[in-house]
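Comments concern the structure below.
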Amino acid sequence: MLTTRRRVAGQISGENVITEVAWMYYQDGMNQKEIADRLGISRASVVNYLQEARESGLIRITLASDCFTTHRLAQELCKRFGLQAAYVVPDEASATPEETFSRVVKGAAEWLPALLSPNDRLGVAWGRTVYDLATALEHQSFPDLSVIQLVGSMSTPYGFTAEACSTRLAQNLGAHCYNLHAPAILSRADLARELRNEPILREQLDRLRKITKSLFSVGTCLPESHVVGSGVATRAELDWYVAQGAVGVICGRFIDETGRGIPGPLDERMIGADLDGLIGLEAGILVTPGHDKVQATRACIAGGYATHLVTSLTVAEALLA
């Protein structure tokens with residue numbers, strides 16, 4: 001056990017002083033000033049040591065999920081939409097969209113490990129929500145967990161690729177990672193068909209049909225939709241799908257307000273999971289961080305793609321309105 005007798009911090013090795021400061025703060029219940037006085041260091045140094053302890057993984061701060069899944073609005077979401085569970089994080093009407101986004105993503109990162117089991121085959125979508133979730137996730141290890149990229153690679157306006165989502169998530173879960181080594185969209189249907197028939201890619205696509213759970217955020221059909229920004233669809237193609245009734249996008253596939261897929265010009269050119277393969281899984285974990293996705297989220301749940309939902313209090317209220 002670490003002692004708390006007074007000594008000069010310079011006499012303690014760098015790693016040991018971080019450990020001692022962390023123990024005093026989290027186990028002994030000492031405040032920052034008390035620790036600084038005890039070790040003969042500045043309060044700023046204590047703050048830096050605590051930050052380094054968190055960044056190195058020495059300290060893990062978790063919140064009990066029950067207070068978020070048993071929230072009144074979480075229960076109402078489950079009752080209204082037939083969800084298995086919902087996780088509702090607090091936010092305020094005055095919160096900025098970025099603040100709400102950050103809270104929901106961190107909440108999803110807290111809850112995700114509780115929804116996984118050894119030997120799960122987790123299909124992972126792409127986008128900023130999933131990438132930031134993977135980054136926020138505390139490092140841990142799940143025996144024989146597989147993380148599988150659901151849709152091919154594409155450019156993104158956020159500075160990361162689709163495979164970065166699955167790779168980072170797998171690293172922080174201590175899981176096997178299976179990426180999809182192909183573009184998400186090709187210029188011609190015949191070219192996409194030939195690529196799907198390549199033995200290596202056919203094996204990867206077969207793996208998509210065996211996932212047991214999925215992690216994703218539904219996209220919108222707004223003009224600034226990520227499906228356009230990433231180059232999967234042109235603005236003209238987006239407008240065509242909207243004219244056919246599209247209200248949301250799942251893994252590059254367009255859905256209407258009932259959650260049914262809308263057949264269109266992109267289908268035969270895409271490399272990735274089919275919508276049918278994302279229905280009826282053990283768990284479909286949907287993360288909805290903003291009000292712009294309310295309509296798309298309703299459609300996603302109606303289509304049977306989501307069994308679990310992570311969102312904020314004000315977005316939950318909008319979903320129930």
### Task
Carefully, step by step, assess Thr167 and Asn179 under the rule side-chain hydrogen bond (donor to acceptor under 3.5 Å, both in side chains).
CA-CA 8 Å; Thr167 299; Asn179 285 332; 3.1 Å; yes
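- No more than 12 heavy atoms of other residues, nucleotides or ligands shown are found within 6.0 angstrom of CD on Gln295.
- Lys213 places no side-chain N or O within 3.5 Å of a backbone atom of Leu281 that could act as its donor or acceptor partner.
- Rounding to the nearest 0.5 Å places CG of Leu122 at 7.5 Å from OG1 of Thr212.
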### Task
In sequence, state the C-alpha distance, the side-chain angles, and the governing distance for Thr161 and Ser153, and then conclude on side-chain hydrogen bond (donor to acceptor under 3.5 Å, both in side chains).
CA-CA 6 Å; Thr161 58; Ser153 183; 5.2 Å; no
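- Put simply, CD on Gln204 and CG on Asp206 are 10.0 Å apart, with the number rounded to the nearest 0.5 Å.
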### Message
Could you go through Ser187 and Arg269, starting from their C-alpha distance and side-chain angles, then the distance that decides it, and tell me whether this counts as side-chain hydrogen bond (donor to acceptor under 3.5 Å, both in side chains)?
### Response
CA-CA 7 Å; Ser187 58; Arg269 293 164 46 207; over 6 Å; no
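- Glu198 places no side-chain N or O within 3.5 Å of a backbone atom of Leu195 that could act as its donor or acceptor partner.
- A pairwise comparison of heavy atoms in Ala162 and Trp126 identifies CB-CB, 3.9 Å as the closest pair.
- Under a hydrophobic clustering in which Ile, Leu, Val, Met, Phe, Trp and Tyr are joined whenever their side-chain heavy atoms come within less than 4.5 Å, directly or via other members, Val294 and Leu222 fall into different clusters.
- Taking 4.0 Å as the cut-off between side-chain N and carboxylate O, Asp190 and Arg193 do not count as a salt-bridged pair.
- The line from CG of Asp256 to CD1 of Ile262 is 5.0 Å long, rounded to the nearest 0.5 Å.
- Val287 has its side chain out of reach of Val130: every pair of non-hydrogen atoms, C-beta onward, lies at least 4.5 Å apart.
- Annotation for Arg260: atom CZ does not count as buried by contact number, only 12 or fewer foreign heavy atoms lying within 6.0 Å.
- Under the 3.5 Å distance criterion, the side-chain polar atoms of Gln149 are matched with a main-chain donor or acceptor of Leu180.
- Ring geometry, Phe254 versus Tyr241: the interplanar angle falls under 30°, so the pair is classed parallel (tilted spans 30 to 60°).
- Between the side chain of Asp28 and the backbone N or O of Met30 there is no donor-acceptor pair closer than 3.5 Å.
- Although no hydrogens or angles enter the test, the distance criterion places a donor-acceptor pair under 3.5 Å between the side chain of Glu34 and the main chain of Asn31.
- We find that Asp91 and Arg103 are not joined by a salt bridge, their nearest charged nitrogen and carboxylate oxygen being 4.0 Å or further apart.
- Heavy atoms from other residues, nucleotides or ligands lying under 6.0 Å from CD of Glu237 number more than 12.
- In the hydrophobic cluster analysis, where Ile, Leu, Val, Met, Phe, Trp and Tyr join through side-chain heavy atoms closer than 4.5 angstrom, Val232 is grouped apart from Val247.
- Although no hydrogens or angles enter the test, the distance criterion places a donor-acceptor pair under 3.5 Å between the side chain of Ser312 and the main chain of Val315.
- The hydrophobic cluster containing Phe81 also contains Ile250, counting ILVMFWY residues as joined when their side-chain heavy atoms lie under 4.5 angstrom apart, directly or transitively.
- Ile255 is not listed as a side-chain neighbour of Val249, based on a closest heavy-atom distance of 4.5 Å or more.
- Of all heavy-atom pairs between Cys221 and Gly248, the closest is SG-N, 3.4 Å.
- Side-chain atoms of Tyr305 come within 3.5 Å of backbone N or O of Gly259 as a donor-acceptor pair.
- Not a single donor-acceptor pair under 3.5 Å links the side chain of His139 to the backbone N or O of Leu173.
- In this structure the side chain of Ser42 never reaches within 4.5 angstrom of the side chain of Val46, judged on heavy atoms.
- With values rounded to the nearest 0.5 angstrom, Ser45 atom OG is found 11.0 Å from Glu52 atom CD.
- Separation of atoms CD1 (Ile301) and OG1 (Thr307) is listed at 10.0 Å; rounding is to 0.5 Å.
- Taken from CZ in Arg207 to CZ in Arg202, the straight-line distance is 13.5 Å, to the nearest 0.5 Å.
- Residues Thr69 and Gln75 have side chains not in contact (no heavy-atom distance under 4.5 Å, counting atoms from C-beta outward).
- Atom OH of Tyr25 is surrounded by 12 or fewer heavy atoms from other residues, nucleotides or ligands within 6.0 Å.
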### Task
Starting from the C-alpha separation in whole Å, work towards a yes-or-no answer on side chain to side chain contact (heavy atoms under 4.5 Å, CB included) for Cys251 and Leu278.
CA-CA 10 Å; Cys251 292; Leu278 301 176; 4.2 Å; yes
### Message
Using side chain to side chain contact (heavy atoms under 4.5 Å, CB included), reason through Met24 and Leu39 one step at a time and then give a plain yes or no.
### Response
CA-CA 10 Å; Met24 289 178 176; Leu39 295 180; 3.7 Å; yes
### Message
Determine whether Thr129 and Val104 satisfy the following criterion, side chain to side chain contact (heavy atoms under 4.5 Å, CB included), listing intermediate values before the conclusion.
### Response
CA-CA 9 Å; Thr129 302; Val104 172; over 6 Å; no
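- A salt bridge between Arg128 and Asp132 is present, with a side-chain N of the basic residue lying under 4.0 Å from a carboxylate O of the acidic one.
- Tested against Thr311 for a side-chain contact (heavy atoms from CB on, under 4.5 Å), the candidates Leu73, Thr100, Thr288 yield a single pass: Thr288.
- A 4.5 Å side-chain heavy-atom check between Ile285 and Leu115 finds at least one atom pair inside the cut-off.
- Inter-residue side-chain proximity for Pro113 and Leu137 is flagged as met; some heavy-atom pair is nearer than 4.5 Å.
- Ion pairing of Asp274 with Arg253 is present here, as a side-chain N (NZ or NE/NH1/NH2) and a carboxylate O approach within less than 4.0 Å.
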### Task
Take His176 and Asp144, measure what side chain to side chain contact (heavy atoms under 4.5 Å, CB included) needs, and give me the verdict at the end.
CA-CA 7 Å; His176 305 290; Asp144 298 320; 4.0 Å; yes
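- Here Lys106 does not pair with Glu110 in a salt bridge; the nearest charged N to carboxylate O distance is not below 4.0 Å.
- Put simply, the side chain of Leu319 reaches to within 4.5 Å of the side chain of Leu309, judged on heavy atoms.
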### Message
Does Lys33 form a salt bridge (charged side-chain N to carboxylate O under 4.0 Å, His left out) with Asp37? I'd like the steps, not just the answer.
### Response
CA-CA 6 Å; Lys33 183 180 184 304; Asp37 291 343; 3.0 Å; yes
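- No chain of hydrophobic side-chain contacts below 4.5 Å, direct or via other Ile, Leu, Val, Met, Phe, Trp or Tyr residues, connects Tyr26 to Val47.
- When atom types are taken as modelled, the side chain of Ser102 and the backbone of Glu98 share no donor-acceptor pair closer than 3.5 angstrom.
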### Query
Should Asp239 and Arg235 be marked as a salt bridge (charged side-chain N to carboxylate O under 4.0 Å, His left out) after you check the CA-CA gap, both sets of side-chain angles, and the distance that decides it?
CA-CA 6 Å; Asp239 291 343; Arg235 176 62 188 276; 3.3 Å; yes
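- A heavy-atom distance below 4.5 Å is not found between the side chains of Tyr87 and His308.
- With hydrogens and angles disregarded, a donor-acceptor distance shorter than 3.5 Å links the side chain of Asp120 to the backbone of Ser117.
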